[in-house]
Structure formats: C-alpha cells, structure tokens
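Report on the structure given below.
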Amino acid sequence: MRRTTVMLAALGLVVAGAGTAQAAPADGPVPPGPVALDDPEFTANVMAPLKVETDEEWADFEADLETVAAYGVDAVSVDVWWGDVEAAGDNQFDWAYYDRIFDVITSKGLDLAPILSFHQCGGNVGDDYTSLLPSWLWPKYEGRSYRGVELGPTGLQHRSEQGNYSPETVQGWADQVVMNEYRDFTRAFQQRYGDRYADEVVEINVSLGPSGELRYPSYNGHDVGTGYPTRGALQSYSPLAIRDFQKSMVKQYGSLRAVNRAWGTDLRSVDQIAPPADAETFFTSKAYSDTQYGRDFVDWYNGSLVDHGERVLTTVIRTLGNEFPQADIGYKVPGIHWTMTNPLHPRATEVTTGLIQTSVDENSWATGHGYARIVELANRFDGGPREVVMHFTALEMDDQDYPPQYSLAQTLVQWIGDYAFRAGVELKGENALSGGVTWDGGWDNINEAFDGWGYLGLTVLRMNDVAGGTGATRYAQFIQKYSPDR
C-alpha cells in the first residue's frame with residue numbers, strides 16, 4: 001500500500017485539518033498521525049511461543065488462541081526454524097510440527113504470519129528454546145573458496161573485533177555462497193503449504209539476522225562485555241568482510257592512491273585496508289563520525305547490511321512466485337535504543353549493529369536520524385509482485401536518557417515513524433520485551449506511537465501475555481479503537 005498523504009510529506013506538507021495543509025519545518029518532524037484508524041491494512045497479530053512441546057503447552061496454546069480470536073486478533077506469527085525443519089540433512093525436510101501448529105491456528109479462525117527463521121534460537125533475551133542452524137551447513141562449505149578466500153570451518157560466520165565467531169546466522173558477506181540454501185528452504189515451504197494455506201498466510205516475515213532482525217550480532221553472547229547497555233562490538237573482521245571492504249573502498253575512490261588521499265594515510269597495499277585495528281579508540285576518539293575513514297567504514301558496514309537484506313528478500317520473493325497471493329513480505333528492524341546520548345560515544349550501538357550511517361546528519365529528520373537506508377530497503381521492491389513491510393520494535397518503551405542506559409527508545413519510535421511516512425514505507429510495530437504489554441504504561445506508549453507516528457499494525461510479543469489480565473484488556477481496547485467494526 002502507498003498512502004496518498006505520502007505525497008504531501010514529500011512536498012514538505014502535512015495534513016493540518018479537513019481540507020487544509022501547512023508547511024512542515026525545514027528540518028523537523030512530519031507526524032503522520034493515526035493512519036491506522038479504519039484503514040483496511042491495519043493488522044493486529046500475536047506471536048506464538050518459540051516452540052509448543054508438551055501436551056499441557058498445547059492445551060494452553062489452544063485456549064490462548066480462542067481468547068485472542070474472540071476479541072479480534074487477525075493472525076499468529078510462527079517461527080519456522082530452519083535448524084529444526086532441515087536438521088536431518090541437506091534438503092531433508094520435516095514439516096510435522098508445522099502441519100500441526102498451522103492446523104490448530106487456522107482451526108480457531110486465525111490467519112498465519114510465518115517467519116522463515118534462518119537464525120539460531122537460544123542465547124538471546126526471552127529465548128526459552130534452542131534451535132541451532134543445521135549442523136551440516138558449516139562442513140558443507142568449509143572446503144570452498146569465495147572471492148579468493150578459503151572459507152574453512154568458520155568461513156560463513158561473523159567475526160568480531162574481539163576475534164570471536166558467531167554461529168547464530170550466516171554472515172551477509174557469504175550470501176552468494178549459501179543463497180541456494182535459502183532458496184531450497186523457501187521452495188520446500190511453498191510446496192508444502194502453498195495450496196493448503198493459500199489464503200490464510202497473510203504475511204511472510206524473513207529473518208535477516210540474529211533474533212530474526214536486520215542487524216549484526218554486535219551484543220550477542222559470543223563476545224565478552226558487549227551486552228546491554230554497552231556499545232556492543234563491530235562484527236566485520238572475517239576474511240570475507242575484510243575482502244569486501246577492500247574492494248568497496250578501491251571501487252569507491254578508483255585507486256589506492258585516491259584512498260590514501262581521502263583518508264590521509266600512506267597504505268602501500270590494498271591488503272592494508274582494514275576495519276579499525278583498535279575499535280575502542282575508534283569510538284572514544286569519535287573517529288567513527290569525525291574522520292573520512294570512519295564515515296566510509298560505517299557507510300560500508302551499514303550498506304553491507306542493507307544489501308544483504310535486499311539479496312535475501314529478493315530470493316524469497318522470487319522463490320515464492322505466485323503462491324500465497326495474500327501475503328506481504330516483512331522484515332524486522334530492532335529498536336537499538338541505548339547509548340544514544342552517551343557522551344563517550346553517542347549512537348555507538350546503532351553503529352555496531354549496522355543500523356545507521358555517520359556520513360549524514362544523524363540529528364536530522366530528513367535523514368531519518370541516520371536510518372534512511374534501513375527504512376528505504378522496503379522501497380527497493382517498489383513495482384514488484386509483493387508489498388514489503390518494515391516492522392520496528394520497542395513501541396512499549398520509555399526514554400531513559402541517563403546513565404548507564406542513555407536510552408531514547410520512545411524518541412526512536414517517533415524518528416522511525418516519521419521517516420517511514422516520508423519514504424512511503426508501510427510500517428508496523430512490535431513490543432521489544434514481553435513484559436511491556438502486561439502493564440498500562442507500555443500500552444500507553446504503544447497507543448502514542450499509533451496515534452501520532454504512522455504505525456499501521458501491531459504484533460505482540462507474546463500471545464500468552466495478551467490472553468488474560470491487563471494485556472488482554474488493553475489489546476482488545478486497542479483493536480476496537482483502530483478497527484471498531486470488528
């Protein structure tokens with residue numbers, strides 16, 4: 001969907017009232033307002049458990065489905081774990097669990113929003129289930145070369161500034177090596193369920209990184225001292241990443257001599273082009289934003305992530321073909337809301353996760369406060385066969401702009417809403433933590449995001465938190481507010 005009011009935003013106009021418009025500030029917000037009100041594209045979804053296992057869990061699951069269906073929830077988001085389905089071997093697929101869970105969900109009158117989960121489950125916040133990537137994946141490719149790099153047993157994995165490898169996802173710099181795996185999995189899913197659930201699958205979300213999010217594993221467990229609320233760690237030190245950085249910089253400037261001129265360096269070989277040798281100083285000295293080398297590195301790091309998203313989404317869309325004709329394609333962007341105002345290294349965690357550029361004015365609404373390329377990934381598919389929808393997390397959170405958090409979570413929700421509206425990108429939201437929908441304060445923040453900042457749909461983490469108590473009451477009221485005819 002492309003809202004007609006986007007044209008007003010593009011022209012620097014915002015709707016002020018019936019039949020009137022007024023000029024927006026030269027560099028200020030363009031609050032979209034409550035675009036979800038009575039919009040047929042409004043969706044209210046819930047997330048299923050990471051895995052339903054025991055008989056008691058299945059009974060609770062069915063009861064929760066009946067509860068949320070009764071007050072107007074549309075669909076259930078379900079992780080389709082690559083590591084479970086294809087665990088037995090390459091192109092050996094076991095769909096038994098998904099046959100059951102999809103049947104149970106649809107039997108309650110609810111639609112499906114499956115996630116093609118090409119990431120590990122386990123080790124992140126809220127993970128109460130473990131599903132590793134298929135064990136055959138790493139040895140299958142360890143003897144191969146790509147772009148002149150011998151892959152080895154860790155060749156597909158991110159390598160951090162600390163020298164540690166992450167097996168949670170395949171690094172984007174190895175996309176071309178493993179793209180056939182994503183294609184095979186998507187095709188097997190489409191062949192299994194394309195006819196059976198042609199109308200019930202209303203969105204297919206595509207995992208593009210850790211926790212299914214478009215980001216690098218910058219604050220994940222393979223590194224030490226990088227968790228919330230630190231700056232995290234850069235993840236661009238694998239041989240494939242370094243090779244890509246070298247080629248990209250020479251292509252950008254035309255020659256090594258030109259690179260040296262731009263950076264004020266005296267590199268004697270292209271092989272000396274490298275990510276920051278001292279990442280801590282790179283941030284504390286503000287080199288990541290105040291030097292040409294730093295801005296070029298961050299631009300490449302961010303651009304590599306966005307290009308990875310485009311490659312995987314393109315493969316999934318092409319592989320699906322005409323199956324699931326009702327289904328949009330979704331990708332998730334995390335609300336990395338901490339260290340935003342830390343004077344030691346402002347916006348650093350957003351940099352290490354790959355979400356922002358520093359070559360633009362990160363304080364400008366016109367650049368999406370640095371998020372322009374991440375948001376506009378959706379627009380790379382304009383004119384294609386499917387709508388591509390962005391999902392953004394952290395809608396339930398408050399700003400906590402003080403040490404050690406230095407968090408602007410609520411402000412960030414506004415920044416993203418504003419820029420998505422400017423860019424004509426369909427935007428939906430989620431709560432970042434399950435407890436955020438069990439108290440009124442979280443719901444007040446969610447309502448504020450929808451009232452003012454253009455969010456068009458909500459997926460709640462997780463269903464059991466809105467199957468009773470405050471969560472159920474507030475979600476039912478929320479749905480009634482935005483879709484009163486249900």
Side-chain angles (χ1 to χ4, degrees), residues 27-29 160-162 214-219 223 225-226 228-237 241-242 244-246 248-249 252-253 258-265 267 273-307 333-377 399 401-409 411-412 414-416 418-419:
D27 184 33
S160 77
E161 65 186 56
Q162 298 184 9
L214 181 62
R215 66 170 175 89
Y216 295 111
S218 67
Y219 54 89
D223 286 322
T226 58
Y228 173 85
T230 72
R231 68 164 175 85
L234 294 169
Q235 302 293 318
S236 53
Y237 292 79
I242 293 171
D244 189 76
F245 183 46
Q246 293 165 348
S248 296
M249 292 303 99
Q252 177 176 324
Y253 284 105
V259 171
N260 279 322
R261 188 162 54 246
W263 292 355
T265 51
L267 304 176
I273 296 175
D278 182 348
E280 182 65 12
T281 299
F282 179 67
F283 284 100
T284 57
S285 70
K286 308 293 196 300
Y288 66 104
S289 59
D290 293 350
T291 67
Q292 190 60 46
Y293 164 78
R295 292 188 293 267
D296 284 343
F297 170 78
V298 173
D299 259 13
W300 163 80
Y301 191 65
N302 167 263
S304 295
L305 184 67
V306 177
D307 289 346
V333 175
I336 305 299
H337 56 88
W338 58 97
T339 311
M340 294 181 69
T341 60
N342 188 331
L344 186 64
H345 37 52
R347 310 292 299 277
T349 315
E350 295 161 281
V351 170
T352 60
T353 47
L355 297 179
I356 65 170
Q357 300 172 261
T358 56
S359 63
V360 301
D361 183 355
E362 307 102 279
N363 296 313
S364 170
W365 293 87
T367 70
H369 293 80
Y371 282 88
R373 289 201 294 201
I374 288 285
V375 174
E376 291 191 36
L377 169 60
D399 287 351
D401 190 13
Y402 45 78
Q405 293 92 340
Y406 295 105
S407 167
L408 294 180
T411 297
L412 182 55
Q414 297 171 5
W415 290 354
I416 296 297
D418 174 275
Y419 194 79

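Computed over heavy atoms, backbone and side chain alike; hydrogens, waters and symmetry mates excluded.
- A search for ring-ring contact (aromatic ring centres under 6.0 Å, His included) contacts involving Tyr301 returns Tyr216, Phe297, not counting sequence neighbours.
- No hydrogens or angles considered: nothing links the side chains of Tyr237 and Gln162 as a donor-acceptor pair under 3.5 Å.
- Here salt bridge (Lys or Arg N to Asp or Glu O under 4.0 Å) pairs that include residues 333-350, with residues two or more places apart or in two chains, are Arg347-Glu350.
- A distance of 10.5 Å separates CD in Glu280 from CG in Leu234, rounded to the nearest 0.5 Å.
- Residues passing the side chain to side chain donor-acceptor pair (under 3.5 Å) test with Ser304 are Trp173, Trp300, sequence neighbours excluded.
- Every residue two or more places apart in sequence or in another chain that forms a side chain to side chain contact (heavy atoms under 4.5 Å, CB included) with Asp307 is listed here: Glu310, Arg311, Arg380.
- The backbone N or O of Val351 lies less than 3.5 Å from no partner atom in the side chain of Asn302, so there is not a single donor-acceptor pair.
- Qualifying ring-ring contact (aromatic ring centres under 6.0 Å, His included) partners for Tyr293, counting only residues two or more places apart in sequence or in other chains: Trp263.
- The side chain to side chain contact (heavy atoms under 4.5 Å, CB included) check on Arg295 picks up Gln292, Thr358, Ser359, with sequence neighbours excluded.
- Taking OG of Ser248 as the start and CD1 of Ile273 as the end, the distance is 9.5 Å to the nearest 0.5 Å.
- Residues meeting the side chain to side chain donor-acceptor pair (under 3.5 Å) test with Thr339, sequence neighbours left out: Thr349.
- Across Leu412 and Ile336, no two heavy atoms sit closer than the pair CD2-O, 3.7 Å.
- Every residue two or more places apart in sequence or in another chain that forms a ring-ring contact (aromatic ring centres under 6.0 Å, His included) with Tyr288 is listed here: Phe283.
- For the side chain to side chain contact (heavy atoms under 4.5 Å, CB included) with Ile374, the qualifying choice from Leu305, Ile356, Ile416 is Leu305, the only one to do so.
- Nearest heavy atoms, Ser160 versus Asp223: OG-OD1, 2.6 Å.
- In this structure, the side chains of Thr230 and Tyr219 stay at 4.5 Å or more apart for every pair of heavy atoms.
- Atom-to-atom distance recorded for Thr352:OG1 and Arg215:CZ is 9.5 Å, nearest 0.5 angstrom.
- Classification of the Trp415-His369 ring pair by plane angle, with boundaries at 30° and 60°, yields parallel.
- Looking at residues two or more places apart in sequence or on another chain, you find no salt bridge (Lys or Arg N to Asp or Glu O under 4.0 Å) involving Glu362.
- Scored by the salt bridge (Lys or Arg N to Asp or Glu O under 4.0 Å) test, Asp244 finds Arg147 as partners (sequence neighbours excluded).
- Between the side chain of Asp399 and the backbone N or O of Thr411, at least one donor-acceptor pair lies under 3.5 Å.
- Shown here are the side chain to side chain contact (heavy atoms under 4.5 Å, CB included) partners of Gln414, two or more places apart in sequence or in another chain: Gln410, Glu448, Trp453.
- For Val360, the side chain to side chain contact (heavy atoms under 4.5 Å, CB included) partners two or more places apart in sequence, or in a different chain, are Gln357, Thr367.
- Between the side chain of Arg373 and the backbone N or O of Asp299 there is at least one donor-acceptor pair closer than 3.5 Å.
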